[in-house]
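The structure appears right after this line, and notes come after that.
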Amino acid sequence: MFKQIKSETRGGASRRKRLTEEDLIRGDHIYVRRGGLLYSHHGIYAGEGTVIHFKGKDQEKRDPAVTMTEIENFLNGGKLRRRNYKERLPDFESLRIAREHLSKKGYSLRVNNCEHFATYCATGKKKSRQVRRAAGSIFTITLVATGSFILKAITRKKES
């Protein structure tokens, strides 16, 4: 297996400059925000205007498979973004892994979504910030609700 390499900011793109396809290199982990700020869609830039990512059948979100599509289709009118890492696999290795997964299925929102896929291709580790944030939010809501329930029970017991 390849060693992870320290990553540098690529193409001189700063946060203020709008990222374009010309700023990308093959193997870059790219994403686009969808549904406002609700979620992001992730993929691996494959070069020549194409992206490898999980995609369901046209007009449906069912039965997603890893596929290669045009970057315009991937972006669907959204703003192109790139995930930068402190350490990542070499770009050619990220692209090789992504290509090996073409046509594979097994999508799972919780453990194998598009962000898991792109992060795995870039780092060798399946991770999803979106899933971790959602899990943290659910835990917090559960904790607050449980605390409220216990507080109400204690208050009722003292009143009786």
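Summarising the geometry, atom CD1 belonging to I97 is positioned 6.0 Å from atom SG belonging to C121; distances are rounded to the nearest 0.5 Å. In this structure, CG on L89 lies 13.0 Å from NE2 on H29, to the nearest 0.5 angstrom.
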_For H53 and T69: C-alpha separation, side-chain torsions, deciding distance, then whether side-chain contact (heavy atoms from CB on, under 4.5 Å) applies._
CA-CA 8 Å; H53 63 113; T69 60; 2.7 Å; yes
*Are I52 and V66 close enough, and set up right, to give a side-chain contact (heavy atoms from CB on, under 4.5 Å), and what steps lead you there?*
CA-CA 7 Å; I52 299 173; V66 177; 3.5 Å; yes
*asked:* Could you go through H101 and Y120, starting from their C-alpha distance and side-chain angles, then the distance that decides it, and tell me whether this counts as side-chain hydrogen bond (donor to acceptor under 3.5 Å, both in side chains)?
replied: CA-CA 11 Å; H101 284 80; Y120 175 72; 5.4 Å; no
*Between M68 and L102, is a side-chain contact (heavy atoms from CB on, under 4.5 Å) present by the stated rule, with each step listed?*
CA-CA 7 Å; M68 186 181 299; L102 283 169; 4.2 Å; yes
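By the side chain to side chain donor-acceptor pair (under 3.5 Å) test, K104 is found to be paired with no residue, residues two or more places apart in sequence or in another chain being considered. Under the rule for a side chain to side chain donor-acceptor pair (under 3.5 Å), the partners of E100 that lie at least two apart in sequence or sit in another chain are R96. For Y45, the side chain to side chain donor-acceptor pair (under 3.5 Å) partners at least two apart in sequence or on another chain are E21. For L75, the side chain to side chain contact (heavy atoms under 4.5 Å, CB included) partners two or more places apart in sequence, or in a different chain, are V32, I71, L80. In this view, E22 satisfies the salt bridge (charged side-chain N to carboxylate O under 4.0 Å, His left out) rule with no residue, not counting sequence neighbours.
With no hydrogens or angles considered, no side-chain donor-acceptor pair links R34 and S40 at under 3.5 Å.
Put simply, the side chain of K79 does not reach to within 4.5 Å of the side chain of R33, judged on heavy atoms. Using a 4.5 Å heavy-atom cutoff, the side chains of N73 and V51 are not in contact. Within the 4.5 Å cutoff, the side chain of I30 has heavy atoms near those of the L24 side chain.
A65 and K105 make their closest contact through CB-CG, 3.8 Å (heavy atoms, listed as atom of the first residue, atom of the second, distance). Nearest approach of A122 to Y85, heavy atoms of both residues: CB-CE1, 3.6 Å. Of all heavy-atom pairs between E87 and T123, the closest is O-CG2, 4.1 Å. Contact detail for Y107 and C114: the closest heavy-atom pair is CE1-N, 3.7 Å.
The backbone N or O of T20 lies less than 3.5 Å from a partner atom in the side chain of D23, making a donor-acceptor pair. Judged by distance alone, the side chain of D91 and the main-chain N or O of G27 form no donor-acceptor pair under 3.5 Å. Using a distance-only test at 3.5 Å, with no hydrogens or angles considered, a donor-acceptor pair links the side chain of T50 to the main chain of G47.
Here salt bridge (charged side-chain N to carboxylate O under 4.0 Å, His left out) pairs that include residues 68-77, with residues two or more places apart or in two chains, number zero.
Using the six-membered ring where Trp is involved, H42 and Y31 have ring planes that are parallel, under 30° apart on the 30 and 60° scheme.
In summary, E115 and R83 engage in a salt bridge, as defined by a charged side-chain N under 4.0 Å from a carboxylate O.
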